[in-house]
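Below is one structure; the comments refer to it alone.
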Number of protein chains: 2
Amino acid sequence: MSDNHKTVKTVRRSDLARLTGCNLETIRYYENIGVMPEPPRNAKNYRCYDESHIARLNFVMRARDLGFTLEEIRDLLALVDGGMQTCAEVQALASRHLESIGAKIADLRRIQMVLSETVAQCSGENVPDCAVIDALTQSDFKLHTA
Amino acid sequence: MSDNHKTVKTVRRSDLARLTGCNLETIRYYENIGVMPEPPRNAKNYRCYDESHIARLNFVMRARDLGFTLEEIRDLLALVDGGMQTCAEVQALASRHLESIGAKIADLRRIQMVLSETVAQCSGENVPDCAVIDALTQSDFKLHTA
DNA sequence: CTTGTCTCTGTACCACCTACAGACCTTAAG
DNA sequence: CTTAAGGTCTGTAGGTGGTACAGAGACAAG
């Protein structure tokens, strides 16, 4: 019934950084670009973070670990904040992201194959002829078949 | 015996861009950062590129396609320009690059696995419960085992 | 009271480009 | 000859995703 007159326990920016593993300055950056909300300030203008900020930044860090761009993370957060009817949209977003991950892996594997084949032709000796340089110098070198 | 008094056939920046597939502005950028040499200019201060510029930019573009950073490309070019006794060094550089490609692929595959497993748990329906959001919200979520 | 550590702000820097403004110059058509 | 369209020149700003540092203010310990 009665409002709790005790102030919510808050932490400072350095604590939030420590608790989430996020770089101190990056927190301010995320606030600037709107990925994190501007937190309340105390009398001395210091930022005061509560549990919700910790949870949100953890969310952001995990999404970042999964390779989502900040733009995608912003979209995910909007869906989370939106609340209802989100699963289909989140799934779509994650699936698109999975596709781009698959494409990146395919690209890297193609590069890996071409480069490892080329390196394998190297004598590895202190001679001027080098298969890698030759490959890069030859005008018919093409990585992309397109 | 006699010097050829004819000037070497040169092309302009837009032609170099077209011939190599490099963006017009990127050429100037590469000159600024020393990846490409400053070309001679004509009376009107226009850049004049010859065959050597075309070959060098092609080299840079191919190395870029293989995912070498500009720093690595600079190193490759220095080795090429150095001339003798380079194969071992080039091979070492390329091998290091291959390692980092392998690491990137491993990272992406780990992400791919975690995310695809998570997405598979989505109902895909218009409901508020979403496995992806749940995973990102849960405090025990960890991608990196470290 | 001084020293050290924290916070605040703005701003500059990293890779790797891309793009645009404003000033020139060239070319082709009318 | 004139004019309009296009190319070239320069410097500089923007984008992504941060990182770092300078300079000012706050605060606790010795």
Side-chain angles (χ1 to χ4, degrees), chain A residues 10-50 53 56-57 59-77 97 100-101 104 107 111, chain B residues 10-50 53 56-57 59-77 96-97 100-101 104 107-108 111:
Chain A
T10 61
V11 298
R12 290 169 300 175
R13 190 150 58 107
S14 57
D15 298 317
L16 181 61
R18 192 176 32 75
L19 289 167
T20 58
C22 185
N23 178 289
L24 181 73
E25 301 279 31
T26 303
I27 294 170
R28 193 159 61 101
Y29 171 68
Y30 284 167
E31 288 163 10
N32 284 338
I33 65 168
V35 161
M36 288 292 290
E38 287 281 347
R41 307 292 182 109
N42 69 10
K44 290 299 172 193
N45 200 31
Y46 285 20
R47 290 169 176 82
C48 298
Y49 299 100
D50 61 27
H53 296 99
R56 197 178 187 90
L57 188 50
F59 183 100
V60 171
M61 298 299 281
R62 284 170 204 139
R64 220 179 60 169
D65 280 346
L66 287 175
F68 285 94
T69 65
L70 285 181
E71 193 54 45
E72 290 170 327
I73 292 173
R74 242 191 291 259
D75 292 345
L76 282 174
L77 287 168
H97 184 51
S100 84
I101 289 170
K104 263 181 209 152
D107 276 354
I111 290 168
Chain B
T10 61
V11 297
R12 289 170 301 173
R13 191 149 58 106
S14 57
D15 298 317
L16 181 61
R18 192 175 34 73
L19 289 167
T20 59
C22 185
N23 179 289
L24 180 74
E25 300 279 30
T26 303
I27 295 171
R28 193 159 59 102
Y29 171 69
Y30 285 167
E31 287 164 9
N32 284 337
I33 65 168
V35 161
M36 287 291 291
E38 287 283 348
R41 308 290 183 109
N42 69 11
K44 289 301 172 191
N45 202 32
Y46 285 20
R47 290 168 177 79
C48 298
Y49 299 100
D50 60 26
H53 296 101
R56 196 176 187 90
L57 188 50
F59 183 100
V60 171
M61 297 300 281
R62 283 168 205 142
R64 222 179 60 170
D65 279 347
L66 287 176
F68 285 94
T69 65
L70 286 180
E71 192 53 45
E72 290 170 328
I73 293 173
R74 240 191 293 258
D75 292 346
L76 283 173
L77 287 168
R96 277 198 300 279
H97 184 50
S100 84
I101 289 170
K104 263 181 208 151
D107 277 354
L108 286 171
I111 291 169

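Note that the coordinates shown come from a computational prediction; the quantities given were computed from them, not determined experimentally.
A side-chain donor-acceptor contact under 3.5 Å links His97(B) to the backbone of Leu66(B). Between the Arg64(B) side chain and the Ile73(B) main chain, no donor and acceptor come within less than 3.5 Å of each other. Side chain of Thr26(A) to main chain of Tyr29(A): no donor-acceptor pair is present (N/O by atom type, distance under 3.5 Å, no hydrogens or angles). Remark: side-chain polar atoms of Arg13(B) are paired, donor with acceptor, to backbone N or O of Leu24(B) under 3.5 angstrom.
Computed from coordinates, the Tyr30(B) OH to dA15(C) P distance equals 13 Å when rounded to whole Å. In this structure, CG of Asn42(A) is placed 8 Å from P of dC27(D), rounded to the nearest angstrom. Rounded to whole angstrom, the span from the CD atom of Glu31(A) across to the C1' atom of dG17(D) amounts to 16 Å. Following rounding to the nearest Å, Glu72(A) (CD) and dG17(D) (P) show an atom-to-atom distance of 9 Å. Distance Leu70(A) CG to dG15(D) P: 14 Å, rounded to the nearest Å. Atom OH of Tyr29(B) and atom P of dT10(D) are 17 Å apart (whole Å). Atom CD1 of Ile33(B) and atom C1' of dC17(C) are 9 Å apart (whole Å). Separating the CG atom of Asn32(A) from the P atom of dA20(D) is a distance of 17 Å, rounded to the nearest angstrom.
Contact check on Arg47(B) versus Glu31(B) returns a salt bridge, with a Lys/Arg side-chain nitrogen under 4.0 Å from an Asp/Glu carboxylate oxygen. A salt bridge is defined here as a Lys NZ or Arg NE, NH1 or NH2 lying under 4.0 Å from an Asp or Glu carboxylate O, and Arg74(B) with Glu71(B) meets this definition. By the 4.0 Å N-to-carboxylate-O rule, Asp15(A) lies close enough to Arg18(A) to be salt-bridged with it.
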Check your understanding: Would Met36(A) and Leu57(A) count as a side chain to side chain contact (heavy atoms under 4.5 Å, CB included) if you check the C-alpha gap in whole Å, the side-chain angles of each, and the deciding distance to 0.1 Å?
Key -> CA-CA 7 Å; Met36(A) 288 292 290; Leu57(A) 188 50; 3.9 Å; yes
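Residue Asp75(B) holds its CG atom at 11.0 Å from CG of Leu70(B), rounded to the nearest 0.5 Å.
Take the nearest nucleotide of DNA chain D for Lys44(A) and for Glu71(A): the residue whose nucleotide is more 5' is Glu71(A). When each of Arg74(B) and Arg28(B) is assigned the nucleotide of DNA chain C with its nearest heavy atom, Arg74(B) is the one assigned upstream, toward the 5' end.
Side-chain N/O atoms of Arg41(A) include none lying less than 4.0 angstrom from OP1 or OP2 on dT7(C).
A heavy-atom distance below 4.0 Å to DNA chain C is reached by these residues of residues 12-26 of chain B, ordered by number: Asn23(B), Glu25(B), Thr26(B).
Between the base of dG7(D) and the side chain of Tyr46(B) there is a donor-acceptor pair shorter than 3.5 Å.
The terminal axes of the helix from dC1(C)-dG30(D) to dG30(C)-dC1(D), fitted over 5 pairs per end, subtend an angle of 30° to the nearest 10°.
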